[in-house]
Amino acid sequence: MECGGIPPLSLVPSDHPATLLAMAAATSVKDALRSPEPRESILVQGWVRTRRDSKAFSFIELNDGSSLKNLQIIANDTLPNYSDVQHLATGSSIAVRGRLAASQGKGQSWEVIAEELTIVGRADETYPLQKKGHTPEFLREIAHLRPRSNLFGSVFRVRNRLAYAIHTFFQERGFVYVHTPIITGSDAEGAGELFRVTTIDAKSPPRTADGQIDYAQDFFGRSAYLTVSGQLQVEAFACALSKVYTFGPTFRAENSNTSRHANEFWMIEPEMAFCDLGCNMDTAEELVKYLITDIRSNCPDEIELFGKFVDKELMARLDFVLDRPFQRISYTEAVELLLKSAQKFEFPVEYGANLQSEHERWLTEKHFRCPVTVFNYPKEIKPFYMRLNDDGKTVTAMDVLVPGIGEIVGGSQREERLDVLEANMQRHGLDPADYKWYLDLRRYGTVPHSGFGLGFERMLMFVTGVSNIRDVIPFARTPGSAEF
RNA sequence: UCCUGAGUAGCUCAGUGGUAGAGCGGUCGGCUGUUAACCGAUUGGUCGUAGGUUCGAGUCCUACCUCAGGAGCCA
């Protein structure tokens, strides 16, 4: 599979007047453009990007989403419906049967001389997309039409390829894809606010004796939520199938209003048995590099577009990341570096506190100027499941920071010692009784194991240079916004 | 949620308390193997919403809404 690709049209409304649509499978614009030779007969279908009239014919730029490039159609005035063709507006859908021939003009090698042109669906002058550039903010308001733009068509072809590359990476390495549940009963995973899933009537909920809503009478007989992470569940599968990963949607009810947060996003969570923190960091870094390499070589047109119109530094940065090993630095060393730096920070650097965004940016953008993996954080600022180091002060957390985005990967070696894990839970105010099944993994044949979460959209932002997460999700869900 | 900024034509924006503007787009015509074509004409407005100050508000004040950038939370 390559960056784009659409299946041939096989289902056609029976009452449709277009005879062309009933013909054999159409050729995609992408395939037409890379044809090795002229073709006597070809059928192409798509949407009109723009049209220009010449003396005795009309130029139509046709795009079907299979490629960034358009296919030029020559519609001669001998076509019986030429007067209609001359009024074809941007956005209209057409089917064209004709001859694929070498172009007489510059700028494209092939063009289609139309012998029959069917107008499938008109678009009138209110069609909001112009052939000139639009701001991403405007296109965001027409999220249902923006995939027809060059920028968003490219983003979503790359999104497709990135998902494919993620599966390829893990499948080639013997990982098993596990579908962890979307609905979860864990309400204290420490990964943020949760969306409640309920069938209780909001107007007259069942009450307990003390007046609280009685969720024991809810659909699942308990409180249930949309998942904030498949990690706890996937650990169970790692402790059986050894190397596993999840790749699915994740939901956080945080009121985050930033360019890097959405309330519904996709996450990749590998989990590996018999794997310590070093092995974990190796895997995360190898994955990030693999994905960049894959997109770089399989979506060249799209990357070129992003480099031209989205982020001029994109290609240099991607190559730079590929050429160099990731920097690894412990939290303690990072704090020392930050304290020694002459840089003035808005927030003070101090051991024991979380690194601020500006601190992370300094490390990855100013100091090392490449991705940085920070590991061994103070236990106080990390969740209960991370493995306690021998120093008794730090846990085996690791974050991969990349320039321009910040944290793209967060992970750790998990605490595999039952007694230490129970103590961690108590320190975090959690009741081990609520995690019986999770503790069983340590009770029966426990093994050292590690894993991490890679934000799918953040990775996509990194490889495309697109700076707002809303622009790499088909229909973004953010606070106050779920229109489409 | 907090801080900062913005909201004027379909889009991008100008408009310094006194007649609502430009470029692009759209439409019509011309020209032309064109390439974000070109030339001419034309179309286009609840100035985010609601109040207030003023003889007079797009412009000043207040509240709210929306968007953007930054912060926190994190992926």
Legend entry - Gap in Å between the two C1' atoms, one belonging to B:rC24 and one to B:rU1, rounded: 40 Å

Legend entry - N/O donor-acceptor pair, side chain A:Arg458 with base B:rC74, under 3.5 angstrom: yes

Inset, instruction - By nearest nucleotide on RNA chain B, pick out whichever of A:Gly133 and A:Asp399 is the more 5' one. - result: A:Gly133

Legend entry - Test: A:Asp301 and A:Arg157 ion pair at under 4.0 Å: no

Inset, instruction - Look at all strands and tell whether A:Lys55 reaches a base, only sugar-phosphate, or nothing, counting heavy atoms closer than 4.0 Å. - result: base

Inset, instruction - Tell me what A:Arg49 touches on the nucleic acid: a base, only sugar-phosphate, or nothing, going by heavy atoms under 4.0 Å. - result: nothing

Legend entry - Nearest-angstrom distance from the residue atom CD of A:Glu141 to C1' of B:rC67: 8 Å

Legend entry - Complementary nucleotide of B:rA57, counting Watson-Crick and G-U pairs under 3.5 Å: none

Legend entry - Test item: A:Gln108 side-chain N/O and A:Lys106 main-chain N/O as donor-acceptor pair under 3.5 Å: yes

Inset, instruction - Determine the contact category for A:Thr126: base if any of its heavy atoms lies under 4.0 Å from a base atom, sugar-phosphate if only primed atoms, P, OP1 or OP2 are that close, otherwise nothing. - result: nothing

Inset, instruction - Indicate, with a heavy-atom threshold strictly under 4.0 Å, whether A:Glu111 touches base, sugar-phosphate, or nothing. - result: base

Inset, instruction - For A:Phe265 and B:rA75, say yes or no: do the ring centres fall under 5.5 Å of each other while the ring planes differ by less than 30°? - result: yes

Legend entry - Distance-only donor-acceptor test, A:Asn257 side-chain atoms vs B:rU1 base atoms, 3.5 Å: yes

